[in-house]
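Everything below concerns the one structure shown next.
Throughout, protein chains are lettered first and strands after them, A, B, ... in sequence-line order, and every chain is numbered starting at 1.
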Amino acid sequence: MRRYWLFKSDPETFGLDDLEGSPGRETCWDGVRNYQARNLLRDEVQVGDGVLFYHSRAKPPAVVATARVVRKGYPDPTQFDPREPGHDPRSKPEEPRWYAVDIRLEKRLRKPVELPEMRRLPALESMVLLHKGSRLSIQPVTKEEWSMILRLGRG
DNA sequence: GCCAACGTTGGC
DNA sequence: GCCAACGTTGGC
């Protein structure tokens with residue numbers, strides 16, 4: 001069964017424009033260094049799954065696009081590279097600690113779905129994103145939440 | 001195994 | 001830029 005996710009990204013680091021400018025509008029979603037998010041990338045996220053691309057730390061924070069998973073979890077190459085900020089000296093190629101997936105940009109939303117707007121909607125109140133203190137950068141999204149966000153993004 | 005100290009995330 | 005919430009580290 002196809003599943004849905006929300007991926008957070010700080011646009012200062014990697015935003016929608018960067019994704020749109022990537023070759024084939026695809027990117028390696030690397031740099032995740034949280035075990036809960038890692039487990040999702042490694043074990044749960046599958047090719048064909050839908051992704052809500054979310055700008056965190058934006059004004060206001062918002063879902064700005066949809067993407068699709070095009071390659072399932074594989075060892076995050078940046079963990080082995082000493083020049084990378086995500087370098088992890090504890091990781092060995094035969095025993096990788098961190099995982100990445102590849103995603104391809106599908107569609108820019110006509111209208112960004114902003115965090116304050118989402119908070120106002122009872123239908124979205126159980127979204128992981130809206131949970132108090134929720135910091136998870138890879139989050140599951142239900143089919144209903146996915147459809148609602150897309151509808152709101154149609155403007 | 002506890003928990004204080006520290007670093008990071010991310011909304012505001 | 002601030003700071004609350006959270007996750008991780010490391011001494012004991």
**Asked** Given atom NE2 of A/H131 and atom C1' of C/dA4, what is their separation to the nearest angstrom?
**Response** 18 Å
**Message:** Check this for me: does the side-chain of A/R135 come within 3.5 Å of the base of B/dT8 through a donor and an acceptor?
**Reply:** yes
**Gap between atoms CH2 and P, on A/W98 and C/dG7 respectively (whole Å)** = 13 Å
**Request:** Establish, with yes or no, whether the OP1 or OP2 oxygen of B/dT9 is under 4.0 angstrom from a side-chain nitrogen or oxygen of A/Y54.
**Result:** no
**Asked** When you check the phosphate oxygens OP1 and OP2 of C/dA5, does a side-chain N or O of A/K132 lie under 4.0 Å from one of them?
**Response** yes
**Request:** Report yes or no: do A/R33 and A/T78 form a side-chain donor-acceptor pair below 3.5 Å?
**Result:** yes
**Request:** For A/N34 and B/dG7, give me the distance from atom CG to atom C1', rounded to whole Å.
**Result:** 13 Å
**Prompt:** Just how far, in rounded Å, is C1' of B/dT8 from CD of A/E12?
**Reply:** 16 Å
**Prompt:** What's the CG-P distance between A/D10 and B/dC12, to the nearest Å?
**Reply:** 15 Å
**Prompt:** How about A/R42 and A/Y35: does a side-chain donor come under 3.5 Å of a side-chain acceptor?
**Reply:** no
**Message:** Assuming nearest nucleotide by heavy-atom distance, tell me which of A/R97 and A/K59 is located more 5' along DNA chain C.
**Reply:** A/K59
**Prompt:** How close or far is atom P of C/dT8 from atom CZ of A/R33, stated in whole angstroms?
**Reply:** 13 Å
**Asked** Is there a donor in the side chain of A/Y99 and an acceptor in the side chain of A/D43, or the other way round, less than 3.5 Å apart?
**Response** no
**Prompt:** How long is the line joining CD1 of A/I138 and P of C/dG7, in whole Å?
**Reply:** 15 Å
**Prompt:** Do A/F53 and A/W29 have their ring centres less than 6.0 Å from each other?
**Reply:** yes
**Interatomic distance where NZ belongs to A/K8 and C1' belongs to C/dA5 [whole Å]** = 11 Å
**Request:** Report the nucleotide, chosen from C/dT8, C/dC6, C/dT9, that has the shortest atom-to-atom distance to any side-chain atom of A/Y35.
**Result:** C/dT8
